[in-house]
Amino acid sequence: MVFDVDGVLTDGGLRYGPAGETFKTFDSLDGHGLKLLAEAGIVTAIITGRKSDIIAKRAADLGVAHVYQGVHDKRVAFEDLCNKLSVSAQACGHIGDDWPDLPVLTRVGFAACPANAHVEVQSRCHWIASARGGNGAARELCDFILHAQGRYDALLAAALA
């Protein structure tokens with residue numbers, strides 16, 4: 001499952017400090033969803049147009065091994081990822097929110113977006129979250145995938161043990 005960052009794992013807002021530093025806010029529930037996917041054996045990846053140490057830190061915290069930052073053409077990065085993992089595009093999913101995500105969303109077997117994604121993205125997705133980007137959309141997606149694959153109940157049982 002491939003995740004965009006701005007507008008998916010964050011609310012899309014860009015906050016700048018006085019020295020020009022960028023701040024991003026990530027939802028902890030979303031992050032735990034990515035960890036649950038990994039625990040269920042689902043490979044996660046990030047492909048994002050921006051490049052920052054914040055993204056690298058968050059990806060490392062979540063155990064996301066495949067991170068593509070500063071990507072101008074997400075299709076090229078996605079093809080590289082598929083080649084590295086020896087999987088077809090149809091075997092992958094992607095969640096994105098805006099036009100730069102369309103080249104990947106239109107190639108994957110499962111295209112998803114947050115509730116506040118651009119209308120052109122929504123019209124091309126198989127699944128639309130009820131939550132907004134950075135506010136639970138990624139966790140909602142992760143839970144949906146885990147339910148669909150019959151893995152949710154076992155993970156919940158382990159958490160309750």
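Just so you know, residue 1 is the first one in the sequence shown, and it goes up from there.
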| task | Might you point out which heavy atoms bring Val67 and Ala59 nearest each other, and give the distance in Å? | result | CG2-CB, 3.5 Å
| Taking only residues two or more places apart in sequence or in another chain, which ones pass side chain to side chain contact (heavy atoms under 4.5 Å, CB included) with Cys92? | Phe78, Cys82, Val87, Val108
| field | Pairwise side-chain contact, Cys113 with Gln122, heavy-atom cut-off 4.5 Å (strictly under) | value | yes
| For Asp98, what residues pass the side chain to side chain donor-acceptor pair (under 3.5 Å) criterion, not counting sequence neighbours? | none
| Given side chains that start at C-beta, do those of Asp97 and Asn116 come closer than 4.5 Å, heavy atoms only? | no
| Can you hop from Phe26 to Ile95 via hydrophobic side chains spaced under 4.5 Å? | yes
| task | Examine distances only and state if a side-chain atom of His94 and a backbone atom of Val2 form a donor-acceptor pair shorter than 3.5 Å. | result | yes
| query | Minimum heavy-atom separation for Lys74 to Pro100, with atom names? | reply | CD-O, 3.5 Å
| field | Set of side chain to side chain contact (heavy atoms under 4.5 Å, CB included) partners for Arg75, sequence neighbours left out | value | Asp73, Glu79, Pro103, Arg107
| What is the distance from atom CG of Leu105 to atom NE2 of His126, rounded to the nearest 0.5 Å? | 9.5 Å
| query | Among pairs that include at least one residue of residues 19-29, which meet side chain to side chain donor-acceptor pair (under 3.5 Å), considering only residues two or more places apart or in two chains? | reply | Asp6-Lys24
| query | In chain order, what residues pass the ring pair (Phe, Tyr, Trp, His ring centres under 6.0 Å) check against Tyr152, with sequence neighbours excluded? | reply | His147
| request: Test Val64 against Arg58 for side-chain contact (heavy atoms from CB on, under 4.5 Å), laying out the working first. | output: CA-CA 9 Å; Val64 177; Arg58 184 64 175 152; over 6 Å; no
| Who pairs with Ser123 by side chain to side chain donor-acceptor pair (under 3.5 Å), at least two apart in sequence or on another chain? | none
| message | Are the side chains of Val71 and Lys51 in contact, using a 4.5 Å heavy-atom criterion? | response | no
| task | For Lys57, enumerate each residue passing the side chain to side chain donor-acceptor pair (under 3.5 Å) test, keeping only those at least two apart in sequence or located in another chain. | result | Asp61
| query | Any side-chain heavy atom of Thr48 sitting closer than 4.5 Å to one from Phe3? | reply | no
| said: List the residues meeting side chain to side chain donor-acceptor pair (under 3.5 Å) with Gln69, not counting sequence neighbours, and say none if there are none. | reply: none
| note | Residues passing the ring pair (Phe, Tyr, Trp, His ring centres under 6.0 Å) test with His118, sequence neighbours excluded, are Trp99
| task | Mind checking the CD1-OH spacing from Ile55 to Tyr68? Nearest 0.5 Å is all I need. | result | 15.0 Å
Without placing hydrogens or testing angles, list every side-chain donor-acceptor pair under 3.5 Å for residues 30-47, not counting sequence neighbours.
residue : atom : partner : partner atom : Å
Asp30   : OD1  : Gly136  : N            : 3.4
Asp30   : OD1  : Ala138  : N            : 3.4
Asp30   : OD1  : Arg139  : N            : 3.0

Which donor-acceptor pairs under 3.5 Å do the side chains of residues 9-18 make with protein atoms, sequence neighbours left out?
residue : atom : partner : partner atom : Å
Thr10   : OG1  : Gly7    : N            : 3.4
Thr10   : OG1  : Gly12   : N            : 3.1
Asp11   : OD1  : Gly13   : N            : 2.7
Asp11   : OD1  : Arg15   : NH2          : 3.4
Asp11   : OD2  : Arg15   : NH2          : 2.8
Arg15   : NH1  : Gly13   : O            : 3.3

| message | For a side-chain contact (heavy atoms from CB on, under 4.5 Å) check, start with the C-alpha distance between Ile145 and Arg151, then their side-chain angles and the critical distance, and finish with the verdict. | response | CA-CA 9 Å; Ile145 292 168; Arg151 299 175 183 187; over 6 Å; no
| message | For Ala129, give me all partners under side chain to side chain contact (heavy atoms under 4.5 Å, CB included), at least two apart in sequence or on another chain. | response | Trp127, Ala137, Glu140
| query | Could you give the distance from CZ (Arg124) to OG1 (Thr106), rounded to the nearest 0.5 Å? | reply | 8.0 Å
